[in-house]
Amino acid sequence: VRDGNGIKGLVDSGLLEVPKIYIQPINERINKLETKPCDMPPIDLSKLNGKEHEKVVNEIVRAAETLGFFQVVNHCVPLELLESVKDSAHAFFNMPPEKKVVYRQNVSTSLKMRYQTIFAPEIENVLEWKDYINMVYSSDEDALQYWPNECKDVALEYLKLSSKIVKVILEILIGKLGVELDDSKIESLIGLKMVNMNYYPACPNPELTVGVGRHSDAGTITVLLQDGIGGLYVKAEDENDVGKVEWLEIPPIPGALVINVGDALEILSNGKYKSSEHRVMTTSNQSRVSVPLFTLPKFTEKIGPLPELVKKDGLAGYREVLWKDYMDNFYGVAHEGKKTLNFAK
Ligand code: AKG
């Protein structure tokens, strides 16, 4: 696995059973009995600024307050671009190992592009069934220089267009808190951007593994493009049965993008918007790709509940943290639900 071919290499070698290091303890395996499809209809962004504007705004706010996840359609990202993004993810992972290995963390020194097979190799005892690349954006020039040829152009275009969706949604969510933030403040809350391409190879024992373990996203808002295979589950409380946990599958909808709230927005909103735990199941007969755009505060930002809300709520549910410290902690612990948020408690 540590060569240039990741888990895909293991699978391509004809593996019939997953190696022990990928077998999850029973409590971390996805129990199908605890799952059901999420039936929330996708939100039509083309209706913003029209006669149904307020209705759409309320749908966005309600979704962010409850599940923390929703899907959007009629956004500004062309569907052909979304297809090209998925194709380019396959193109990268299908390259021969010698072409991929140059991007491995221990081979390449670039902080703008890295290729890995697991989340945090130094600290995890059981490994996730996922290969991925992480492309950090600093400027167009850097992206075109450091990101892989197989995907850099489409990934950059996807980042730019999806960032527009993020900004619109963030402005709505902040506005509905009754807080006014100027444009430069909004920009700095999403000033760090990265595109990942996740590749979950077909897995001989999907019931024993996870593609990604339970976690919440660190940042402000994530946009996720998933292909048609499915497997993304979000933790939800059952409204009719308090205390009962359900895992709702976010079903693939052609042309839709998944939006979710991250820890930074939960903190800023003093807990009003939910950064939900989510995880990914593997599949036995097909490889799956997904492409998240993570938008995060700049490292130099201090993130805490917005003062107007603390005043209104009479209490701060989180402490203020320097975003760089939050991220150092986030990358230093294994995936374990929303535990990373404790850093701001
Ligand atoms: C992540 O990359 O953090 C994810 O949660 C991926 C979700 C997915 O593959 O659907």
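In listed order, ligands and their atoms are each counted from 1. No hydrogens, no waters, no symmetry mates; every other heavy atom, side chains included, goes into these values.
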Checklist outcome for this item: Note: Tyr137 and Leu159 closest approach over all heavy atoms is CB-CD1, 3.8 Å
Checklist entry - Taking the six-membered ring for Trp, is the centroid-to-centroid distance between Tyr199 and Phe92 below 6.0 Å? => result no
Checklist outcome for this item: Close residues (non-hydrogen atom under 4.0 angstrom from ligand 1) work out to Lys130, Asn198, Tyr200, His215, Asp217, Leu224, Leu232, His278, Val280, Arg288, Ser290, Pro292, Phe294
Item to check | Atom of Leu192, atom of Pro297 and distance for their closest heavy-atom approach | outcome: CB-O, 3.6 Å
Checklist entry - Hey, are the side chains of Ser276 and Asn260 touching, using non-hydrogen atoms and a 4.5 Å cut-off? => result no
Item to check | Full working for side-chain hydrogen bond (donor to acceptor under 3.5 Å, both in side chains) between Tyr318 and Glu266 | outcome: CA-CA 9 Å; Tyr318 310 82; Glu266 177 168 323; 2.7 Å; yes
Item to check | CD/Glu98: more than 12 non-hydrogen atoms of other groups inside 6.0 Å | outcome: yes
